[in-house]
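Reminder, nothing fancy here: chain letters follow the sequence lines and each chain counts from 1. Since the model is a prediction, treat every value here as computed from it, not as a measurement.
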Amino acid sequence: MSQKYIPQEAEALLQKFWEEEKIYAYDPKSDKEIFSIDTPPPTVSGSIHIGHIFSYTQTEVTARFQRMLGKNVFYPFGFDDNGLPTERLVEKRIGKKASELERKDFADQCLTVTAEYREAYKILWQSMGMSVDWSLAYSTVSEETQRISQLSFLRLLKDKEVEQKNAAALFCPECQTSVAQAEVDDAEKDSFFHDIRFTTETNEDFIIATTRPEMLPACLCVFVHPNDERFAHLVGKNAVTPLGTSVPILTDDLVDPEKGSGLVMCCSYGDETDLLWVKKHDLTEKIILTKTGHMKNTGRDDLDGLYLKKARKVIVEILKDHGSLVESKPIKHAVKVHERCGTPMEILPIPQWFIGILERKQEFLDIADEVNWYPEYMKSRYVQWVENLKWDWAISRQRFFGVSIPVWHSKITGEYILPEESDLPVDPLKQAPKNLPEGHTLEDIYPDPDVLDTWATSSLTPEINAKWGAEDDRSDKILPMSMRPQAHDIIRTWAFYTIVKSKLHHGRKPWNDIVISGHVLAGKKEKISKSKGNAKTTPEELINKYSADAVRYWAMGGTLGKDIVFDEQEIAKGKKLVNKVWNASNFALQNLEEFHPENLMELSQREPSDIWVMKRLEKTATKMKQHLSDFQFHHARQVFEDFFWTDFCDNYLEIVKTRMYQPEAFENGAQKKLSAQSSVYECIFTIIKLLAPFMPHVTEQVYQSYFKQFESEKSIHLCLYPVLSFDKNILPEVESDMEMFLELINLVRKYKTENQLKLSEELKSLQVTAPSVEKLSAFMDDIKGVTKAKACDILQKDGDVELKVER
RNA sequence: GGGCGAUUAGCUCAGUUGGCUAGAGCACCUGGUUUACACCCAGGGGGUCACAGGUUCGAAUCCUGUAUCGCCCACCA
């Protein structure tokens with residue numbers, strides 16, 4: 001082995017080796033147990049920050065661990081280049097709007113433009129030592145993905161899980177598309193609470209308080225709470241709005257008597273309550289908004305055609321002139337806005353495609369119980385979301401770019417004309433159906449203009465990975481997938497929608513385990529974001545400065561589901577561990593030059609210290625395996641460090657040094673040296689295997705430099721994860737006996753430190769008292785070796801070990 | 001308003017089912033050029049475990065309440 005390990009040089013060479021040897025390839029022909037990972041496809045929009053590294057590395061360690069358990073690991077990578085962020089990026093790069101190109105051409109442009117970003121990801125990922133099988137990479141804008149997305153739609157349509165309804169949906173007038181409940185954000189907006197005077201036909205006045213006076217032309221009725229005695233006399237009468245319309249006054253217990261004046265007008269549609277009321281009281285809706293957010297059908301020329309905001313101002317003026325406006329109080333209130341553009345949402349009845357989910361809430365809750373949630377408490381977020389769903393899933397979007405809805409409509413019968421599954425993907429805007437219904441010409445049909453919500457596609461990542469419906473469909477092998485890693489902020493979207501699709505298509509859970517990671521914060525309570533520019537260092541800089549293994553070490557420190565504050569010192573700590581592992585291995589192996597594993601001494605024949613370290617190693621390996629199986633990365637890391645740094649390096653190696661350097665100083669020294677070498681050999685080999693999922697580079701380097709010569713596997717990453725199981729009868733009490741020895745070592749070290757002596761300073765003799773002379777004496781050779789004492793007398797005395805030193 | 005989580009050393013965080021004297025790294029102090037490593041070794045100082053009650057032989061850990069913070073959701077007339 002060489003003296004120095006320089007990660008900046010070694011890591012790149014090792015990565016090249018892994019790629020050339022296809023160490024991480026998924027083997028479709030193998031009959032080994034498969035471990036499949038539903039990798040989150042990151043949005044291809046140009047920026048990769050340390051937060052990505054954090055969560056993906058945790059998954060990657062699991063991939064390596066499962067591979068070392070002997071499983072056939074299916075570890076793909078995906079690129080989400082179908083979303084709006086990518087669309088914007090591509091528009092900017094090609095200088096054209098998506099709508100200026102054919103859908104297919106724009107998709108091609110997306111693939112072209114994002115190619116370099118995909119390449120950047122791949123390079124960074126490889127430089128982190130990510131054991132992805134790149135031949136399994138997919139893109140969400142590719143033809144294959146579009147085929148699967150359309151296939152999903154067609155099958156759900158045939159199963160009547162999808163239907164087109166002229167139902168009110170949340171609508172964004174800016175993007176001019178419907179949006180799903182999950183895409184809605186709250187925003188604090190400045191507004192006015194307007195008190196407007198209504199009258200009844202019998203000339204009684206009352207006040208309606210509203211933030212949406214422009215909805216007045218769509219006023220259908222006025223509600224009061226049935227128990228509200230203040231207004232009981234009004235119920236059943238007709239009210240006259242300031243615009244002169246006559247509407248009934250009704251009761252409903254959803255009215256909050258405390259709010260506003262206690263009277264509320266119901267307009268189609270001001271908010272979701274209005275929607276409910278229209279259904280419940282069978283009111284006839286009146287729609288006064290166009291898709292672009294302009295007024296129509298108001299019955300007034302001075303309002304029709306005005307944009308919402310403008311209309312609001314105008315109507316306030318009208319009301320003022322009319323004397324109906326009593327007061328306008330400025331308020332701040334939360335408004336539902338589209339998360340993409342921040343525009344307040346409207347509710348409009350336009351034809352939309354829906355997947356019916358409200359009827360199946362319980363089924364989706366049941367599926368969640370079949371999935372293991374890590375950490376467990378994250379499930380409650382899902383449960384709460386599902387329980388509170390109010391809308392079916394609107395999957396159509398009135399945008400130009402995206403996966404087309406594969407449907408043509410008949411102008412004559414209104415029936416759907418659908419493509420064959422084998423013809424997918426199709427673009428109805430560009431293509432004609434292969435077979436027209438009887439009596440139809442091309443003139444009699446029109447294409448569905450909408451595209452699918454991106455979640456309708458992203459929710460199919462298991463199916464995309466499985467090449468669902470293709471000739472080489474591998475659903476049987478990899479579905480349900482073993483593991484879904486993702487962050488907590490998209491439980492209600494990605495996790496939920498994936499469960500919906502899996503349930504509807506296959507009737508079962510999409511994965512066995514869902515593993516939720518936290519976010520990386522730039523500082524206390526500060527999210528890393530591109531706009532703030534608070535990601536001080538790039539992943540590349542950190543890898544270059546500390547090594548990939550060190551960055552990976554940091555990523556293992558987070559607790560599952562919890563956000564962590566970025567701490568560069570943790571990476572520095574990782575760098576130290578890399579160095580320590582190399583040096584300890586290098587040193588230990590130097591002392592194994594004439595050793596061959598064929599000559600390994602039986603454990604029962606070894607010296608007590610050598611048996612002790614093996615027992616500690618056994619425990620460490622057992623615990624690490626358990627922790628990694630449970631995705632408890634930080635626990636595994638901690639257990640490793642405790643053993644490796646303290647027990648193995650600081651104590652064990654120091655203890656056996658003398659026996660290895662100068663066996664002639666001991667009676668039967670050759671055997672005692674072989675005993676030490678046997679434990680050192682097994683420890684180092686086990687240590688690097690235990691650490692291999694965390695630090696794949698330095699461990700591989702040690703393996704290639706030494707152990708490879710005795711082993712058949714060409715890479716440490718193809719070795720099996722260590723499982724040790726020793727005969728319990730071999731020195732059953734060695735661990736507690738060792739405690740006395742370690743106590744003695746500490747006392748001697750303390751003595752030397754306090755007396756400002758070198759730790760290697762020779763001592764004339766030690767006078768020791770210990771609870772068991774016999775047991776401590778078993779370590780006599782090593783006591784002399786590690787303390788450099790020429791003589792040591794042990795006397796029996798209960799209690800702690802005590803020491804007197806003669807220099 | 002509902003749900004979930006957090007509060008432990010100056011800083012960043014561990015602390016498995018309640019159990020020896022509450023741990024680690026960094027920072028701080030003292031000592032050591034030890035033939036693996038100064039990216040090291042040895043020793044040391046530093047915590048009323050947010051607060052108040054309760055359960056228990058025993059609580060950082062379980063229960064109740066309070067405070068502060070974060071996330072998710074709801075409220076929006």
Problem - Under-4.0 Å side-chain N/O to phosphate OP1/OP2 contact, A:Lys580 with B:C41 - result: yes

Problem - Selection from B:U16, B:A14, B:G2 that lies nearest to any side-chain heavy atom of A:Gln384 - result: B:G2

Exercise for the section: Name the nucleic acid region contacted by A:Ala572, choosing base, sugar-phosphate or nothing; use a 4.0 angstrom heavy-atom cut-off, strictly under. Expected result: nothing

Exercise for the section: Could you please name the partner base of B:A42, counting Watson-Crick and G-U wobble pairs only when both distances are under 3.5 Å? Expected result: B:U30

Practice task
For B:A14 and B:G1, measure between their P atoms and round to the nearest Å.
Solution key: 30 Å

Practice task
Report yes if at least one side-chain N or O of A:Arg381 is closer than 4.0 Å to OP1 or OP2 of B:C71; otherwise report no.
Solution key: no

Practice task
Grab the two heavy atoms, one from A:Val61 and one from A:Leu628, that are nearest each other, plus how far apart they are.
Solution key: CG1-CD2, 4.1 Å

Exercise for the section: Enumerate the residues from residues 636-652 of chain A whose closest heavy atom to RNA chain B is under 4.0 Å, giving them by residue number; use none for an empty result. Expected result: A:Trp645, A:Cys649, A:Asp650

Handout entry: Any strand: nucleotide that pairs with B:G65 via Watson-Crick or wobble, under 3.5 Å
Key = B:C51

Fill in the blank from the handout: Side-chain contact check for A:Lys573: nearest option of B:A24, B:A77, B:G5 is B:A24

Practice task
Just compare B:C71, B:A77, B:C13 and give me whichever is closest to any side-chain atom of A:Phe193.
Solution key: B:A77

Exercise for the section: Give one of base, sugar-phosphate or nothing for A:Thr211, where a contact means two heavy atoms less than 4.0 Å apart. Expected result: sugar-phosphate

Problem - Length of the line joining A:Glu754:CD and B:G31:C1', which is rounded to integer Å - result: 10 Å

Exercise for the section: Could you check A:His488 against A:Ser380 and say which one's nearest nucleotide on RNA chain B is further toward the 5' end? Expected result: A:Ser380

Practice task
Please tell me which of the listed nucleotides, B:U12, B:A77, B:C73, lies nearest to the side chain of A:Trp277?
Solution key: B:A77

Exercise for the section: Write down the partner of B:A24 under the Watson-Crick or G-U wobble criteria, each distance required to be under 3.5 Å. Expected result: B:U12

Practice task
Output the distance between atom CG (A:Leu742) and atom CG (A:Asp647), rounded to the nearest 0.5 Å.
Solution key: 7.5 Å

Exercise for the section: Tell me, please, which residues at least two apart from A:Pro485 pass side chain to side chain contact (heavy atoms under 4.5 Å, CB included). Expected result: A:Ile37, A:Pro40, A:Thr59, A:Met483

Handout entry: OP1 or OP2 of B:G15 under 4.0 Å from side-chain N/O of A:His635
Key = yes

Practice task
Among B:C26, B:A42, B:A24, find the nucleotide with the atom closest to the side chain of A:Gln569.
Solution key: B:C26

Completion exercise
Here the distance between atom C1' of B:G70 and atom CG of A:Asp489, to the nearest Å, is 14 Å

Practice task
In whole angstrom, give the distance that lies between atom NZ of A:Lys562 and atom P of B:C4.
Solution key: 17 Å

Practice task
Determine, for A:Glu346 against A:Arg212, whether the closest basic-nitrogen to carboxylate-oxygen distance falls under 4.0 angstrom.
Solution key: yes

Exercise for the section: Sticking with atom C1', work out how far B:G15 lies from B:G19, rounded to a whole angstrom. Expected result: 14 Å

Practice task
Compare the minimum distances between each of B:U34, B:C37, B:A77 and the side chain of A:Asn583, then state the nucleotide with the smallest one.
Solution key: B:C37

Completion exercise
Atom CZ of A:Phe566 and atom C1' of B:C26 are separated, to the nearest Å, by 14 Å

Problem - Charged N-O contact under 4.0 Å between A:Glu654 and A:Arg749 - result: no

Problem - Residues A:Ser328 and A:His194: side-chain donor-acceptor under 3.5 angstrom - result: yes

Exercise for the section: Give a yes/no on whether any side-chain N or O of A:Lys336 is located under 4.0 angstrom from OP1 or OP2 of B:C75. Expected result: yes

Practice task
Could you check which of B:A77, B:C39, B:G32 has an atom nearest any side-chain atom of A:Met265?
Solution key: B:A77

Practice task
Considering only NZ, NE, NH1 and NH2 on the basic side and carboxylate oxygens on the acidic side, decide whether A:Arg552 and A:Glu11 come within less than 4.0 Å.
Solution key: no

Practice task
Go through the side-chain N and O atoms of A:Glu761 and A:Tyr751 and say whether any donor and acceptor fall under 3.5 Å apart.
Solution key: no

Handout entry: Identified pairing partner of B:G70, criterion: Watson-Crick or G-U wobble below 3.5 Å
Key = B:C4

Practice task
Could you check whether A:Asn746 gets within reach of a base, just the sugar-phosphate, or nothing at all, counting any heavy atom under 4.0 Å?
Solution key: sugar-phosphate

Completion exercise
Closest of B:A14, B:C73, B:C26 to the A:Lys576 side chain is B:C26

Problem - Nearest listed nucleotide, side chain of A:Gln756, among B:A42, B:G31, B:G3 - result: B:G31

Practice task
Figure out the OH/C1' separation between A:Tyr546 and B:C26, and round it to whole Å.
Solution key: 12 Å

Practice task
Return yes when atom NZ of A:Lys286 has more than 12 non-hydrogen atoms of other residues, nucleotides or ligands closer than 6.0 Å, and no otherwise.
Solution key: yes

Handout entry: Nearest-nucleotide pick for A:Val255, side chain only, options being B:C37, B:A77, B:U34
Key = B:A77

Problem - For B:U35, the Watson-Crick or wobble counterpart (both distances under 3.5 Å) - result: none

